Amino acid sequence: MKVDTQTLVRPARNIRGSVELPGDKSISHRYAMLAGIAEGPSRLENYSTGADCASTLGCMRALGVTWERKTEGQNVIEIQGRGLALATPAMQLDCGNSGSTMRMLSGIVSGQHFTSEMMGDESLSRRPMERVIKPLTQMGAQIESDQGKPPLRITGGSLKPIDYQIPVASAQVKSCVLFAGLFADGESRIGEPLRTRDHGEVDLRAFGVKLDRKSLGAGSEVRIRGGQRLHGVETRIPGDISSAAFFLCAAALFPGSQLTIPNLLMNPTRARLLDILMQMGLHLSVTQLDEINGELVGSLQIEGGGLKGATLAGADSAALIDEIPVLAAIAPFTEQGIAVRDAKELRIKESDRIKSVVTNLRAMGAEVEEREDGLKIPGRQTLQGAELDSYSDHRIAMAFAVAALRAEGETQIAGAESAAISYPAFFETLEMLAAT
Ligand code: S3P
């Protein structure tokens with residue numbers, strides 16, 4: 001499985017071994033941003049190796065934050081915080097493929113007394129930004145965009161607090177408004193309709209910020225007071241559970257699989273996949289549960305077995321938004337199939353993930369029903385190896401490498417190198433774990 005523009009994946013017998021994942025992407029982004037506006041140094045061990053988190057570091061450097069990558073052994077980033085005031089960038093802030101970088105960092109640059117311009121690659125340039133433009137403008141930032149799409153030209157300054165109910169379930173928007181709330185003159189209140197990943201809240205606390213949180217029905221509410229100073233942290237970032245998802249689903253495909261993943265993120269707002277896989281009949285156990293700066297981490301063991309079906313809707317679809325592509329890719333091999341509803345956000349990710357999944361599954365000969373907000377895939381199907389496309393989307397490349405393990409014959413994935421957006425070592429690691 002050489003990572004090239006065309007990557008070949010052969011059928012496997014099972015998945016066996018132990019793998020430790022690079023640091024979680026969502027946490028790495030937030031730590032890099034918060035360390036930049038903290039006072040004093042931070043040391044982040046096991047920082048994400050993905051290109052997206054490198055984009056965040058690049059933007060922080062352009063905003064005057066100094067940092068260094070220590071390459072011995074672990075992927076360690078040492079960041080010298082500047083405090084809340086960043087430096088006027090001499091260049092555009094290049095967010096690459098990363099929606100997280102653009103959406104969350106826009107909250108921080110909105111609190112700065114200068115103008116900055118954020119841009120991204122072709123895929124990011126198609127993604128909606130009005131979801132952050134609206135609350136940030138309400139707080140007093142001046143934002144120009146291309147009809148709600150990047151590039152964004154943001155003139156920041158002192159902000160007004162906001163009382164904002166986020167209309168869509170989006171952790172990026174929640175973190176963006178929370179970060180902007182640090183620069184507001186008073187207390188902001190941010191509500192979300194469904195509980196999404198809470199790294200913004202947990203990680204702000206790790207940097208010494210006080211905030212109040214409460215659950216409200218299926219959603220939550222956070223209050224944050226502006227003007228709080230952040231202090232640097234020394235921490236180790238837990239392994240990325242959304243990257244682990246590909247190996248967990250690969251292991252799930254074969255009764256003989258045995259996989260161990262130490263130091264994996266177990267934050268309850270991210271671990272819904274583990275419940276779903278257990279409900280589908282997988283044997284899974286967690287040991288050595290620990291807490292590092294508010295984030296749960298544990299060691300996971302999984303054995304392959306029979307896979308029942310699942311229906312994902314409502315809060316589950318929001319909680320599993322990054323894992324749905326790989327669950328859909330293994331759905332034909334389950335007993336009853338998988339149905340997904342309430343997931344139309346998938347259409348505006350790095351690719352239209354509903355369409356990408358449907359097209360690739362059909363190319364492998366699967367029966368699939370496409371819906372506006374999801375898809376329905378019957379179980380007990382046999383798939384053929386095929387020529388597939390990643391659609392320049394890291395999670396599509398990795399999801400179909402997993403499906404290809406159970407197909408009859410070889411599969412070629414075009415543009416599989418896009419896996420490097422979140423997990424550059426994915427194909428090497430899969431090759432190491434897959435017994436053929
Ligand atoms: C993320 C939130 C999700 C997710 C993305 C990372 C985050 O996006 O899909 O990969 O770190 O907050 P949305 O906020 O658009 O749902």
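Since the structure is predicted, the reported quantities are computational estimates derived from the model, not experimental observations. Just so you know, ligand 1 is whichever comes first in the structure, and atom 1 is the first atom listed for that ligand.
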With sequence neighbours left out, write down each residue that passes side-chain hydrogen bond (donor to acceptor under 3.5 Å, both in side chains) with Arg213, or none if nothing qualifies.
Asp198
Who passes side-chain hydrogen bond (donor to acceptor under 3.5 Å, both in side chains) against Arg406, sequence neighbours left out?
none
For ligand 1, is Ser175 a contact, meaning one of its heavy atoms is under 4.0 Å away?
no
Any Arg30 heavy atom less than 4.0 Å from ligand 1
yes
Under 4.0 Å, heavy-atom basis, I'd like to know which part of Arg197 is in contact with ligand 1: side chain, backbone, both or neither.
side chain
Under 4.0 Å, heavy-atom basis, I'd like to know which part of Ser170 is in contact with ligand 1: side chain, backbone, both or neither.
both
Can you list the atoms of ligand 1 that are under 4.0 Å from a heavy atom of [X]?
| X | answer |
| --- | --- |
| Arg103 | 15 (O) |
| Ser26 | 6 (C), 7 (C), 11 (O) |
| Ile321 | 9 (O) |

I'd like to know if the side chain of Thr235 pairs up with that of Asn293 as donor and acceptor (distance under 3.5 Å, no hydrogens or angles considered).
yes
Is it true that the side chains of Glu350 and Ser123 contain a donor and an acceptor less than 3.5 Å apart?
no
Output the distance between atom CE (Met118) and atom CD1 (Ile143), rounded to the nearest 0.5 Å.
9.5 Å
protein heavy-atom neighbour closest to atom 10 (O) of ligand 1 works out as Asp322 OD2, 2.8 Å
Does an N or O anywhere in Ala171 fall below 3.5 Å from an N or O of ligand 1?
yes
Out of the candidates Lys25, Arg197, Arg270, only one should pair with Asp322 under the salt bridge (Lys or Arg N to Asp or Glu O under 4.0 Å) rule; please name it.
Arg197
Chi angles and distances behind the side-chain contact (heavy atoms from CB on, under 4.5 Å) call for Phe179, Leu34:
CA-CA 9 Å; Phe179 292 175; Leu34 296 178; 3.8 Å; yes
Heavy-atom proximity to atom 16 (O) of ligand 1, best of Arg127, Lys349, Lys174, Glu323:
Lys349
